[in-house]
Amino acid sequence: MEELLEALKRANGKIDYLSSNKLVTDKIIDSIDITSILAELEETFDIEISMEYIVPENFDSVEAMWEMVQELKD
Amino acid sequence: MTFIEMQFFVFLFAAAVIFYICPVKHRWKVLLGASIVFYAIAGIKYLPFILFTSFTVFLAGRKMGHIYEEMEQHLLEENLDRKAKKEIKEQAKNRCKKAMLAALLCNLLILIIVKFTKFAVNPINDLLTALGQEGNFSAAYIIVPLGISYYTFSCLSYLLDVYWKREEYENNYARFLLYAIYFPHILQGPIERYGRLGKRLKGEFLFDYDRVCAGLQLMVWGIFKKLVIADRINLFTTAVYEKGSQAEGLIYVFAFFLDVVYIYADFSGCMDIARGASQIFGVELDLNFNHPFASKSVTEFWRRWHMSLGSWFKDYVYYPISTSKFVKNVAKSCKKHLPDAVTRSIVTAIPVTVTWVATGLWHGTGVTYLAWGLYYAFMIFMSVSFGDLFHNLALKLKINTQCWSYKVFQMVRTTCIFAGGRLLTRPGTLGLSWHALKSALLQFNPWVLTDGTLYEFGLSRSNFNLMLVTVVLFGGISILQQKGSVRDMIAKQNLAVRWGIYFAAIFSILIFGIYGSGYDASSFVYMAY
């Protein structure tokens with residue numbers, strides 16, 4: 001999880017990712033943030049995030065992103 | 001037939017009566033029948049296009065659904081190792097890709113041919129003439145099916161969602177056709193997703209008096225915005241921008257900002273009519289505008305203006321490009337040679353530019369729309385890349401960014417950026433746009449406010465003043481709407497006040513609406529797209 005939080009900070013350090021469970025729905029992160037997050041996650045965890053994973057539910061919280069990363073690593 | 005013709009209201013009334021007379025389980029069939037009739041009245045020759053698009057996308061969706069079902073069955077088999085499972089998934093994905101691409105390409109091709117041929121007619125004729133042939137193609141023969149941009153985008157969103165396994169496939173073509181051709185959203189959208197509208201069109205459709213009344217009220221407000229506000233402003237701005245116009249200086253400044261109100265009243269008015277008509281049948285359409293002029297930045301503006309189009313381009317153009325191998329490779333090679341901030345800017349600029357150029361070309365195919373797309377790509381790139389810099393600068397200069405006056409400044413700035421975009425396309429050519437901007441900035445002529453010059457452009461003094469009153473009313477109601485539903489506020493009033501407001505709205509439309517021979521009040525701007 002620490003690794004994920006570090007990657008998220010690199011994507012955009014201004015966002016408090018732990019502040020909400022509706023990061024996308026509440027517009028705390030936008031599409032440009034999501035593309036930065038995607039690039040950081042792919043590089044940090046050596047995974048490929050395809051389009052089917054790019055849905056708000058997978059980016060709404062740190063936990064959801066962590067679950068997605070675990071699923072893609074399996 | 002458009003939303004503000006008497007024919008439409010007769011059609012709507014007849015469709016609603018038949019709809020509620022029919023047994024509940026058959027009501028969706030009435031909606032389908034009514035939508036086909038609505039489309040056929042607009043031109044029976046258009047029907048094959050929408051039938052083709054909906055059928056090919058439906059077939060491709062069903063094919064992909066079956067392939068994914070087979071895949072899931074295979075994956076349940078025992079003794080499959082990770083590699084075998086991956087192979088099964090890849091094979092299924094490749095088979096689906098073929099079906100998806102076939103449907104995507106043929107429908108995109110139709111859209112491109114229909115939209116671009118009109119603009120290619122003159123160059124083709126010139127080329128044929130230069131080659132010694134008779135160049136006599138005419139744009140008048142090109143069929144542009146009603147709502148082609150809207151229904152094609154709706155169908156393609158379903159196609160891609162099924163391909164990306166975000167959506168279940170539909171097994172019933174009639175149900176899918178209803179989603180594509182549903183008459184309240186066929187003219188100007190919203191560009192609905194199958195996951196939302198498809199489910200709503202499978203609803204219970206029970207009669208609800210309050211909901212029907214709310215739908216009618218929304219329609220009246222939409223018609224008021226279109227006929228009383230938008231069409232009146234349009235008389236003024238058209239006269240200002242027409243060839244040979246004597247407009248200069250402050251007149252152009254008026255036109256810039258009134259044109260912003262015009263496009264908002266016209267398009268949001270149409271959306272209100274569409275959403276209101278749909279509410280009569282118990283089907284909610286997505287919100288397409290959410291007080292865009294309260295936005296504090298251009299990125300926020302485009303999340304609030306024509307929301308269904310912005311979200312479509314974000315999901316089906318921006319994300320696929322920003323996650324493409326090409327952009328990833330560019331990012332990798334930039335990282336080796338350039339600082340992180342520069343790499344980030346380049347990686348942001350590519351999908352933003354492609355998305356906005358495509359959005360511009362969706363609106364129109366001339367050079368002005370290309371310039372419009374590039375203009376917004378630049379504005380959004382600046383906002384994303386230099387937003388922090390501007391914010392830090394404001395902090396250093398001790399500017400309070402939290403007070404209401406700063407927020408008003410941000411809203412005015414966003415409105416000016418939007419007016420700049422409109423200025424690129426509204427006059428017709430970039431030359432005229434440049435002339436208007438130059439005149440507005442360099443010619444100082446405040447006396448036009450008092451010497452009567454202002455009333456020489458399409459509107460008499462009384463009409464011009466009425467326009468200003470309706471614009472202020474529009475702004476006031478928009479502010480009220482942000483605090484809560486105006487319809488609910490009215491509903492809480494006493495009977496006399498309630499009906500007083502309804503009658504005032506209806507009579508205002510009848511008395512102050514812009515009608516008359518030779519004036520085509522029925523053309524909504526976004527219908528042309």
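Computation of the quantities below employed the complete heavy-atom set of this structure, encompassing side-chain atoms and omitting hydrogens, waters and symmetry-equivalent molecules.
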[atom1] ([X]) with more than 12 external heavy atoms under 6.0 Å:
X: B/H391; atom1: NE2; answer: no
X: A/E43; atom1: CD; answer: no
X: A/D16; atom1: CG; answer: yes
X: A/E52; atom1: CD; answer: yes
X: B/E168; atom1: CD; answer: no

Inset, instruction - Name, in order of residue number, those residues of residues 1-8 of chain A that have a heavy atom at a distance of less than 4.5 Å from a heavy atom in chain B; otherwise write 'none'. - result: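 From residues 1-8 of chain A, none sit under 4.5 Å of chain B.
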| So which heavy atom on B/Y318 is nearest to which on A/I32, and how close? |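 Shortest heavy-atom separation between B/Y318 and A/I32 comes out as OH-CA, 3.6 Å.
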Looking only at heavy atoms, the pair that brings B/K314 and A/S31 closest together is CD-CB, 3.7 Å
State which residues pass ring pair (Phe, Tyr, Trp, His ring centres under 6.0 Å) with B/Y406; sequence neighbours excluded, sorted by chain then number.
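Ring pair (Phe, Tyr, Trp, His ring centres under 6.0 Å) check on B/Y406 returns B/F409.
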Sequence neighbours excluded, the answer for ring pair (Phe, Tyr, Trp, His ring centres under 6.0 Å) partners of B/H66 is B/Y169
- Query: Taking atom OG1 of B/T323 and atom CD1 of A/I54, what is their separation to the nearest 0.5 Å?
  - Reply: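 Here the interatomic distance stands at 4.5 Å.
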Okay, B/V347 and chain A: the region with an atom under 4.5 Å from a heavy atom over there is neither
Proximity breakdown for B/D161 and chain A, heavy-atom pairs closer than 4.5 Å |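 No part of B/D161 comes within 4.5 Å of chain A.
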Within residues 91-100 of chain B, contacts to chain A at heavy-atom distances under 4.5 Å involve B/K93
Report which part of A/S36 has an atom under 4.5 Å of a heavy atom belonging to chain B: side chain, backbone, both, or neither.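 Only the side chain of A/S36 comes within 4.5 Å of chain B.
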query: Under a 4.5 Å heavy-atom cutoff, which of B/R303, B/K328, B/R166 has the most pairs with chain A?
result: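 Of B/R303, B/K328, B/R166, B/R166 has the most heavy-atom pairs under 4.5 Å with chain A.
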